[in-house]
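A short worksheet on the structure shown next.
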Amino acid sequence: MASRARYRVRGGGAVCPERPGAAGNERTGSLARREAECPRCGRGAARGRDVTAAALLETRGLTLAYGRFLALNGVDLKLLPGKRYGVLGPNGAGKTTLLNLLTGTLQATSGSIQFDGVDITALPAERRSHLGIGRSFQKTSIFPEFTVAENVRIAVQSREPMRAYNFWSPRGRDHYFDERAAACVDKVGLSAKAHVPATDLSYGELRQLEIALALATEPRLLLLDEPTAGMSEEETHDVVDMLRATLPASLTLVIIEHDLKVIEGLTDHVFVFEQGALFEQGTPAEIRGSERVQKIYFKGRALA
Ligand SMILES: Nc1ncnc2c1ncn2[C@@H]1O[C@H](COP(=O)(O)OP(=O)(O)OP(=O)(O)O)[C@@H](O)[C@H]1O
């Protein structure tokens, strides 16, 4: 259940109303604690201002077992509205499994997921999408012979199936879909390619199209799985700039990335996974500076 504890702020610290003696202090507690919780009662967020710590999404003990192998092992996460989260971890750490469990592509074997106060653990992917959980579409969701605008229009219509299939609706509604699609195409910087078939797009442009498709569904929580995978440094830079300029401030973002620079450019908070478990969390700067992450996860290698 989402916690709605409100914190009074005194000086630079914050006071938990449940436990008045428990002042939040950025200097105390592990990286994992500083994000959003009173160090004693574990409720609410406190960072120098009056904050409501109602999570948009919260997982408790989220687990996916394949037989005796735990691809995800008892994960507790809290995502606050409008915040940007990065997910880091070596190959096989469980990052994509987490994303698939949040979208409903996979069903948890135990644990729970609350979205905006609703238990969505057993809901199918389509219902979650309609509640506002969106993800970047894979290339397989793109119709190669259709133009960029047509592809995005289909995604816009999928958000409003009743409007889309009402044959008696006035032509004005067609314009509504076209305009919404054009706005999404414009946001990701593909206006010049709006009437080009998707099959003629470059690799980088295809990734931009994937983001336009995701935005077309107007998610409240957007999950991106390595949006810059396979891109050159310049293309990566462009996509980071585009995302920074495009994503609405109210959107909550979760982005899986191997590149810490991308995470630093886009997120406020990072979850580090290893072997299916949440291994560490903190700000991008804290993660970069964490000896624990350096030694154990990055095996002492310098971070890119
Ligand atoms: N269907 C399956 N059956 C058994 N094990 C699976 C299955 N799917 C995934 N796994 C295992 O679950 C673990 C987590 O996989 P996942 O794809 O979530 O990792 P990841 O962190 O996204 O890795 P990568 O960065 O390589 O994409 C891996 O060890 C993987 O081999």
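When a ligand or atom number is given, it counts from 1 through the structure's own listing order.
Taking a heavy-atom cut-off of under 4.0 Å, ligand 1 is surrounded by Y66, F69, A71, P90, N91, G92, A93, G94, K95, T96, T97, H258.
A 6.0 Å sphere centred on CD of Q107 holds more than 12 heavy atoms belonging to other residues, nucleotides or ligands.
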What donor-acceptor contacts under 3.5 angstrom involve side-chain atoms of residues 240-256, with partners at least two apart or in another chain?
residue : atom : partner : partner atom : Å
R244    : NH1  : G265    : O            : 2.4
T246    : OG1  : K187    : O            : 3.0
T246    : OG1  : M242    : O            : 2.5
T252    : OG1  : G82     : N            : 2.9

| task | Mind running side chain to side chain contact (heavy atoms under 4.5 Å, CB included) on L56 and R220 for me, showing each step along the way? | result | CA-CA 9 Å; L56 177 65; R220 283 192 288 162; 4.2 Å; yes
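With hydrogens and angles disregarded, no donor-acceptor distance shorter than 3.5 Å links the side chain of S290 to the backbone of E286. Checked by atom type and distance alone, the side chain of D119 never pairs as donor or acceptor with a backbone atom of Q114 at under 3.5 Å.
The aromatic rings of F271 and H269 sit perpendicular, their planes meeting at an angle over 60°, well past the 30° parallel limit.
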